[in-house]
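What you see is a predicted model, and the numbers here were worked out from it, not measured in a lab. Each chain gets a letter, A, B and so on, in the order its sequence line appears, and its residues count up from 1.
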Amino acid sequence: MASDTVWHPTSFRTHTLGQIQSDGESLVGSEVTICGYMEANRGKGKICFMDIRDGTGRVQIFLKQGGVSDEQLEMAQGLSRESTVQIVGEVAQKRPPKVAEGEPTPPPTYEVVASIFTVLTEAATPLPLGVTDTVSIGLDTRLDNRFLDLRRAHVNAMFTLRSKVLQYGRDHLITEGFKEINSPKIIASASEGGTNLFPMMYFDTPAFLSQSPQLYKQLTILGGMERVFEIGPAFRAENHDTYRHLNEFISFDIEGAWMNDDDVMCVQERMIHHIWSQVAEHDQDQIEIINHYREGQGDEPITVEVPSLPFPRIEYCDAIKMIQDAGEEISWGDDIDSSHCDIIAAKYPGFHFLPRWPMEMKPFYIHHIPGDVGATGEQLSRGFDLNYGRDEMTSGGQREHNVDVLEQNLRNKGLDPADFSFYTDGFRYGAPPHAGWGLGVARLLMVLTGSRNVRETVLFPRDRSRVTP
RNA sequence: GCCCGUGUGGUGUAGCGGUUAUCAUGAGGCGUUGUCGAUGCCUCGACCCGGGUUCGAUUCCCGGCACGGGCGCCA
C-alpha cells in the first residue's frame with residue numbers, strides 16, 4: 001500500500017486492513033469497523049479465527065463465545081471462503097505464534113476482536129478456482145474466472161504494478177514537456193495499408209476500429225502541441241495466436257516536434273529507466289508478493305534491475321550481418337523474425353534499439369534522408385524498433401514532414417494519396433520535423449513481472465478465440 | 001492458416017483394453033483447539049462430445065470441439 005495514500009473512512013468501514021497492520025500499535029484498544037473477503041476460518045465450538053483480506057492487506061479476526069452472539073459465532077464458523085463480511089471490534093495485539101527453539105520472536109502483529117459480525121454476501125461453493133490454494137491453475141480457467149483469479153495475491157500485485165508503470169511513465173513524460181491526449185478509436189479509413197482492421201458500421205457509414213493513434217498524434221503535432229503522448233487501445237484483426245500477441249492492446253504512444261529518431265529513442269530509454277528506478281525504489285513489496293508465488297511454483301525470483309543508459313543500438317545492417325555470421329540464411333531487406341532475434345538477444349539480452357531499417361520495409365509516414373544508404377546501396381529509413389531479448393516492445397521513428405515526399409511514399413506503397421487527404425492536408429501549411437514511437441504496455445509488463453504470456457498482464461485479454469468475459 | 005501435443009472430481013494431476021481410477025487441493029460432517037499452511041477421524045466429488053474396432057473402450061482408431069506449445073502473419 002502506498003504510504004502517501006489517504007484512505008478516508010466510508011459508510012462501510014472506518015479503517016482499511018492495511019491501516020490496522022501498519023498502525024496497529026496506536027490503534028490497540030480502539031473500536032474499528034472493517035470489511036473484507038473471508039480467506040480462511042479456523043476453529044469450532046467456543047472460538048473462531050478468521051483471516052480476512054481487502055485491497056490493502058490481511059487481518060485476523062478473533063471471535064469468541066460471549067464476544068459476539070452465539071448466532072453470529074455459528075455463522076462465522078460455517079461461512080464459505082471468499083464470502084464478504086463486516087466486523088465491528090477492538091484492535092488488539094496478537095499472541096505471538098509458537099516458534100521453534102532459538103528462532104527469533106516475530107515482530108508484533110495486530111488482530112481485531114469482534115463484537116459484531118455481519119455477513120454481507122455468502123460465496124457459493126465450491127469456488128471455480130482456489131484463491132489461496134497452492135495448486136496451479138490453467139490460464140484458460142483463470143481467464144474464465146478473472147474476478148476470482150484477480151483476488152490471488154500475485155495476480156493482484158501484477159496489476160498493481162501495471163498501474164504503477166503507467167503512472168511512472170506518465171510522470172516522466174510530463175516532466176519532459178509532453179501533454180496527454182486522446183485520439184478517436186472509430187476511424188473512417190486505414191491508418192495505412194497492411195494490418196487488418198476490424199470493420200464496423202458508424203450509423204450508415206462503414207468505419208473501422210483504430211489500429212494506431214499514429215496519424216492523429218501527428219496531426220496534433222502539426223497543430224502546435226509540441227510534445228504529446230497517449231495511452232490507449234489499438235485493435236488489430238490479425239490471425240496471430242502467440243504468447244505475445246493480442247487483438248486489442250494498450251499502446252503507449254508519444255510524438256514530439258523538432259525531434260528525430262535519435263531524440264525519441266533517448267526519450268524512451270530515459271522513460272524506461274525512470275519506470276524501472278521507481279519500481280525498484282517504491283514497489284519491492286509487490287515484487288516480493290510475486291516472488292513468493294514464484295517460489296511456490298519452483299520459478300526463479302524476478303529482480304528489478306535498472307537498465308544502464310544508453311541502451312545498445314544495433315543498426316539494421318549490423319543486425320543482418322550478426323545473423324549471417326551465426327550461419328542463418330538472411331539477406332538485406334528481409335524481416336528479422338523471432339528466431340533471428342534470439343541470435344541478437346544472445347549478445348544483447350536486455351533492452352536494445354534496432355535503428356535504420358530499410359525504407360521499403362517501413363510505412364509511408366517514416367522519414368528517410370535521400371542518399372542515406374545501407375551496405376548494399378539501398379535506401380535506409382529513420383525507423384527503429386526497441387527489443388527486449390527476442391521480443392519487440394516498440395516501433396518508432398522520425399516522420400516524413402514534407403508533403404510531396406509523403407505523397408510519393410504513399411504511391412510507392414500502392415496507396416492513393418487522395419484517400420489520406422485528411423492527413424496529408426495537415427502538412428501543407430508548415431510542418432515541423434517530428435518523431436515518435438508506440439510501446440506495447442503489456443509486453444513491457446511481461447519483462448518487468450517475468451510473465452511468459454501477455455494474457456497474464458492484461459485484465460480481460462482479447463485474442464482470436466476469446467471475447468468474453 | 002499450418003505443424004505438434006493435450007483433454008480424468010470444483011481446481012491441478014497419476015494411471016490403465018477388464019481397477020473399488022492415484023495423489024494434492026477443495027467441499028460436507030463430527031471432535032479437539034489462542035489458532036495462524038489449524039488439527040484428528042469420517043464422508044463427497046471425475047475419465048470432453050460423436051462414431052468405429054472389441055466379449056468389453058476412460059485407455060486403441062476416425063471425426064468434432066476445447067485448450068496448450070511452435071511457426072507464419074503482425075506499424
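Aromatic ring centroids of A:H367 and A:H401 lie under 6.0 Å apart.
Rounded to whole Å, the C1' atom of B:U59 lies 15 Å from the corresponding atom of B:G52. Across B:C62 and B:C55, the matching C1' atoms stand 22 Å from one another, rounded to whole Å. Atom name C1', nucleotides B:U22 and B:G15: the rounded distance is 7 Å, in whole Å. B:C23 and B:G9 have their P atoms separated by 16 Å, with the value rounded to a whole Å. One C1' atom belongs to B:U13, the other to B:G68, and the distance between them is 16 Å to the nearest Å. B:C48 sits 11 Å from B:C67 when the C1' atoms are compared, rounded to a whole Å. Rounded to whole Å, the separation between the C1' atoms of B:A14 and B:U19 comes to 14 Å. Distance noted for atom C1' between B:U35 and B:U39: 10 Å (whole Å).
Ranked by how close their nearest RNA chain B nucleotide is to the 5' end, A:M361 and A:G78 are led by A:G78.
Residue-level contact check: A:D385 touches neither bases nor backbone, having no heavy atom under 4.0 Å from any strand. Nucleic acid contact class of A:R443 (heavy atoms, under 4.0 Å, all strands): none. A:G138 comes within contact range of the sugar-phosphate backbone alone, with a heavy-atom separation under 4.0 Å but no base atom that close. Residue-level contact check: A:S339 touches neither bases nor backbone, having no heavy atom under 4.0 Å from any strand. Here A:I137 lies in heavy-atom contact (under 4.0 Å) with sugar-phosphate atoms only. Across all strands shown, A:Q297 has no heavy atoms under 4.0 Å from either base or sugar-phosphate atoms. Note on A:R455: nothing from the nucleic acid sits closer than 4.0 angstrom, heavy atoms only. Nucleic acid contact for A:K362: none, since no nucleic acid atom lies under 4.0 Å from a heavy atom of the residue. Looking at heavy-atom distances under 4.0 Å, A:G130 makes no contact with the nucleic acid at all.
Remark: the A:E39 side chain and the A:T132 side chain contain no N/O donor-acceptor pair separated by less than 3.5 Å. Side chains of A:Q408 and A:D404: no donor on one and acceptor on the other come within 3.5 Å.
Taking the charged nitrogens against the carboxylate oxygens, A:R313 and A:D262 have no contact shorter than 4.0 Å, which rules out a salt bridge. Under a 4.0 Å N-O distance rule, the pair A:E456/A:R152 does not qualify as a salt bridge. The existence of a salt bridge linking A:R443 and A:D391 is excluded, since no basic side-chain nitrogen approaches an acidic carboxylate oxygen closer than 4.0 Å. Under the 4.0 Å criterion applied to side-chain N and carboxylate O atoms, A:D144 and A:R466 are assigned as salt-bridge partners. Between A:E82 and A:R151, at least one side-chain N (NZ, or NE/NH1/NH2) sits under 4.0 Å from a carboxylate O, which counts as a salt bridge.
Within 6.0 Å of NZ on A:K413 lie more than 12 heavy atoms contributed by other residues, nucleotides or ligands.
Interface remark: the A:E39 side chain does not form any donor-acceptor pair with the B:G37 base, using a distance-only criterion of under 3.5 Å. Between the base of B:G37 and the side chain of A:R42 there is no donor-acceptor pair shorter than 3.5 Å.
Considering only side-chain N and O atoms, A:N247 lies nowhere under 4.0 angstrom from the phosphate OP1 or OP2 of B:C74. Between A:T242 and the phosphate of B:C71, there is no side-chain N or O to OP1/OP2 separation shorter than 4.0 Å.
In this structure, A:R464 places its CZ atom 10 Å from C1' of B:C73, rounding to the nearest Å. Separating the CD atom of A:E238 from the P atom of B:C73 is a distance of 11 Å, rounded to the nearest angstrom. In this structure, CD of A:E456 is placed 12 Å from P of B:G68, rounded to the nearest angstrom. Atom P of nucleotide B:G12 and atom CZ of A:R142 are separated by 11 Å, given to the nearest angstrom. Counting to the nearest Å, the P atom of B:G70 and the CG atom of A:D391 are 11 Å from each other. Atom CD of A:E392 and atom P of B:C74 are 12 Å apart (whole Å). Distance A:I336 CD1 to B:C73 C1': 17 Å, rounded to the nearest Å. As rounded to whole Å, 15 Å separates atom P of B:G37 from atom CG of A:N41.
Taking every side-chain heavy atom of A:D140 into account, B:C67 is the closest of B:G70, B:G34, B:C67. With B:C36, B:C67, B:G12 as the candidates, the nucleotide lying closest to the side chain of A:Q60 is B:C36. Nearest nucleotide to the A:D337 side chain, out of B:G12, B:C67, B:G72: B:G72. In this structure, the nucleotide among B:G34, B:G12, B:C73 sitting nearest to the side chain of A:F62 is B:G34. When distances are taken from the side chain of A:T125 to each of B:A27, B:G34, B:C67, the shortest belongs to B:A27. Closest to the side chain of A:H245, from the set B:G12, B:G34, B:C74, is B:C74.
For RNA chain B, if you chain together Watson-Crick or G-U pairs that step i with j, i+1 with j-1 and so on, the runs of at least three with distances under 3.5 Å are B:1-7 with B:65-71, B:10-12 with B:23-25, B:26-32 with B:38-44, B:48-52 with B:60-64.
Using cut-offs of 30° and 60° on the angle between ring planes, the pair A:H154 and A:Y293 is parallel. A:F351 and A:Y388 have perpendicular rings, their planes meeting at more than 60° on a 0 to 90° scale where under 30° would count as parallel. Note: A:F420 and A:F422 have parallel aromatic rings, judged against thresholds of 30 and 60 degrees for the angle between ring planes.
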Exercise. Does the pair A:F249 and A:V458 meet the rule for a side-chain contact (heavy atoms from CB on, under 4.5 Å), with working shown?
Worked result: CA-CA 8 Å; A:F249 63 93; A:V458 176; over 6 Å; no
Measure all distances between protein nitrogen or oxygen atoms and nitrogen or oxygen atoms of nucleotides 24-26 of chain B, and list the pairs falling under 3.5 Å.
from: B:U25; atom 1: O2'; to: A:D133; atom 2: OD2; distance (Å): 3.0
from: B:G26; atom 1: O3'; to: A:R81; atom 2: NH2; distance (Å): 3.3

